[in-house]
Amino acid sequence: MNWYEKLNQYFPVEEMKSKEHMELLLKEKGDIYHKEEGPHHVIMYVETEDFIFIDYLFVSKETRGEGLGKQLLDNLKERRKPIILEVEPLDYDDSDSKKRFRFYERAGFRHANSIGYSRKSLATNKINTLEILYWSPDDDSEESIFENLKQTYKNIHTYKDKELYGKSYEKAEDVFSYDEQKEKRADRGIR
């Protein structure tokens, strides 16, 4: 099974870019968009001078719990930049969802409570809401994470979207929201 088939089997259709989109990013944005793969993993990520955005992280079921995912994250953390990723909202009835959140929590990732993310899927035409998690070596603010996320959305998620999908994704301003008060409350330990 090739890298795209692995990702496509694991991630919901609403979250998947087309293979053509990812290959175009690797070719035309190869200075910042990267793919690493092995027999049991695929990781696609954006690395800029200021941050890393994990687009997709897949670890095969056979090797989960053996430390491969942690090692992949640790390798990125060694670069000493904030790391951002999107995940499906926590569903207490879904054991995979709970395991995913626990995995990232154990790896030191925090939930960006002040950032909202909802966009319409071009594949299903349904609203897809995601949660933002991040790790920061220097305790970056959620506001800076928010700005980096919008940059990724504009430069990666919507890259040549009309050409590739026949229609455009919504503008970043319509997809993301930032609530400064939520961040201030979280800083004071109030939820």
Side-chain angles (χ1 to χ4, degrees), residues 1-8 10-60 68-87 104 107-110 112 115 117 119 121-123 128 130-176 178:
M1 185 178 329
N2 73 34
W3 63 270
Y4 187 80
E5 290 167 338
K6 291 175 185 175
L7 295 176
N8 203 33
Y10 183 71
F11 288 92
V13 65
E14 295 86 8
E15 294 179 29
M16 282 299 295
K17 291 176 181 61
S18 69
K19 186 175 185 187
E20 182 183 12
H21 188 170
M22 287 192 242
E23 288 176 338
L24 195 62
L25 288 168
L26 290 166
K27 180 180 175 187
E28 295 183 5
K29 299 240 179 206
D31 57 328
I32 62 167
Y33 195 77
H34 309 281
K35 173 182 68 163
E36 294 175 14
E37 64 179 306
H40 301 288
H41 78 280
V42 178
I43 184 169
M44 311 283 290
Y45 64 95
V46 175
E47 183 172 9
T48 71
E49 188 176 309
D50 301 320
F51 69 95
I52 296 170
F53 174 84
I54 299 175
D55 205 10
Y56 300 97
L57 173 59
F58 165 81
V59 175
S60 68
L68 178 57
K70 181 184 180 320
Q71 184 59 54
L72 293 169
L73 292 176
D74 287 347
N75 291 347
L76 294 177
K77 285 179 180 181
E78 288 175 4
R79 299 173 192 178
R80 307 296 300 160
K81 300 175 185 181
I83 302 172
I84 308 166
L85 53 94
E86 306 160 348
V87 296
Y104 286 117
F109 282 75
R110 298 188 321 210
I115 301 173
Y117 180 0
R119 77 169 182 182
S121 165
L122 293 181
N128 187 33
L130 296 170
E131 300 292 335
I132 305 303
L133 302 180
Y134 70 100
W135 173 88
S136 173
D138 299 318
D139 202 27
D140 285 58
S141 71
E142 289 187 15
E143 185 175 14
S144 72
I145 299 300
F146 174 68
E147 293 302 323
N148 293 336
L149 191 59
K150 287 194 310 186
Q151 180 183 333
T152 299
Y153 182 81
K154 291 174 183 175
N155 294 328
I156 301 298
H157 291 350
T158 63
Y159 184 67
K160 295 191 176 182
D161 53 357
K162 186 142 178 95
E163 178 183 319
L164 292 163
Y165 302 105
K167 49 190 166 182
S168 297
Y169 279 107
E170 300 154 277
K171 293 180 181 174
E173 297 74 27
D174 298 329
V175 170
F176 297 102
Y178 171 71

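- Here the straight-line distance linking atom CD1 of I132 with atom CG of N148 works out to 11.5 Å at 0.5 Å rounding.
- Within the 4.5 Å cutoff, the side chain of V46 has no heavy atoms near those of the K29 side chain.
- Atom-to-atom distance recorded for L149:CG and L85:CG is 10.0 Å, nearest 0.5 angstrom.
- Heavy-atom minimum distance, K6 versus M1: CE-O, 3.5 Å.
- Within the 4.5 Å cutoff, no side-chain heavy atoms of F58 are placed close to those of M44.
- Under the 4.0 Å criterion applied to side-chain N and carboxylate O atoms, K160 and E28 are assigned as salt-bridge partners.
- Between F176 and Y117, the ring-plane angle classifies as tilted under the 30° and 60° cut-offs.
- With hydrogens and angles ignored, the 3.5 Å screen pairs no side-chain donor or acceptor of N8 with any backbone N or O of Y4.
- A salt bridge is absent between E23 and K35: the closest approach of a Lys/Arg side-chain nitrogen to an acidic carboxylate oxygen does not fall below 4.0 angstrom.
- Using a 4.5 Å cut-off on side-chain heavy atoms (C-beta onward), P82 and I145 make contact.
- Residues E15 and L130 come closest through the heavy atom pair OE2-CD2, 3.5 Å.
- Between A172 and K154, the shortest heavy-atom distance links the atoms CB-CE, 3.7 Å.
- Considering only heavy atoms from C-beta on, L73 comes within 4.5 Å of Y104 through its side chain.
- We find the OG-CD1 distance between S144 and I84 to be 7.5 Å, quoted to the nearest 0.5 Å.
- Listed here is the closest heavy atom pair of N155 and L25: O-CD2, 4.4 Å.
- Between I43 atom CD1 and H34 atom NE2 the span is 11.0 Å, to the nearest 0.5 Å.
- We find that R110 and E142 are not joined by a salt bridge, their nearest charged nitrogen and carboxylate oxygen being 4.0 Å or further apart.
- The CD atom of E37 lies 8.0 Å from the CG atom of N2; values are rounded to the nearest 0.5 Å.
- A search for side chain to side chain donor-acceptor pair (under 3.5 Å) contacts involving H40 returns S60, not counting sequence neighbours.
- For the residue pair E36 and Y45, a side-chain donor N or O sits within less than 3.5 Å of a side-chain acceptor on the partner.
- Contact check for I32 versus I156: side-chain heavy atoms found under the 4.5 Å cut-off.
- Considering every non-hydrogen atom in both L76 and I52, the closest pair reads O-CD1, 3.8 Å.
- Checking side-chain atoms of K81 against main-chain N and O of E47 turns up no donor-acceptor pair under 3.5 Å.
- Counting non-hydrogen atoms of other residues, nucleotides and ligands closer than 6.0 Å to NZ of K70 gives a total of 12 or fewer.
- Side-chain atoms of H157 and E86 form a donor-acceptor pair, as typed in the model, at a separation below 3.5 Å.
- Under the side chain to side chain donor-acceptor pair (under 3.5 Å) criterion, D55 pairs with K17, Y33, sequence neighbours left out.
- Taking all atoms of both residues into account, the shortest heavy-atom contact from Y153 to K171 is CE2-C, 4.0 Å.
- Atom CG of L57 and atom NE2 of H41 lie 8.5 Å apart (nearest 0.5 Å).
- Atom NZ of K19 is surrounded by more than 12 heavy atoms from other residues, nucleotides or ligands within 6.0 Å.
- For D161, the side-chain contact (heavy atoms from CB on, under 4.5 Å) test picks out T158, Y165, S168, Y169, with sequence neighbours left out.
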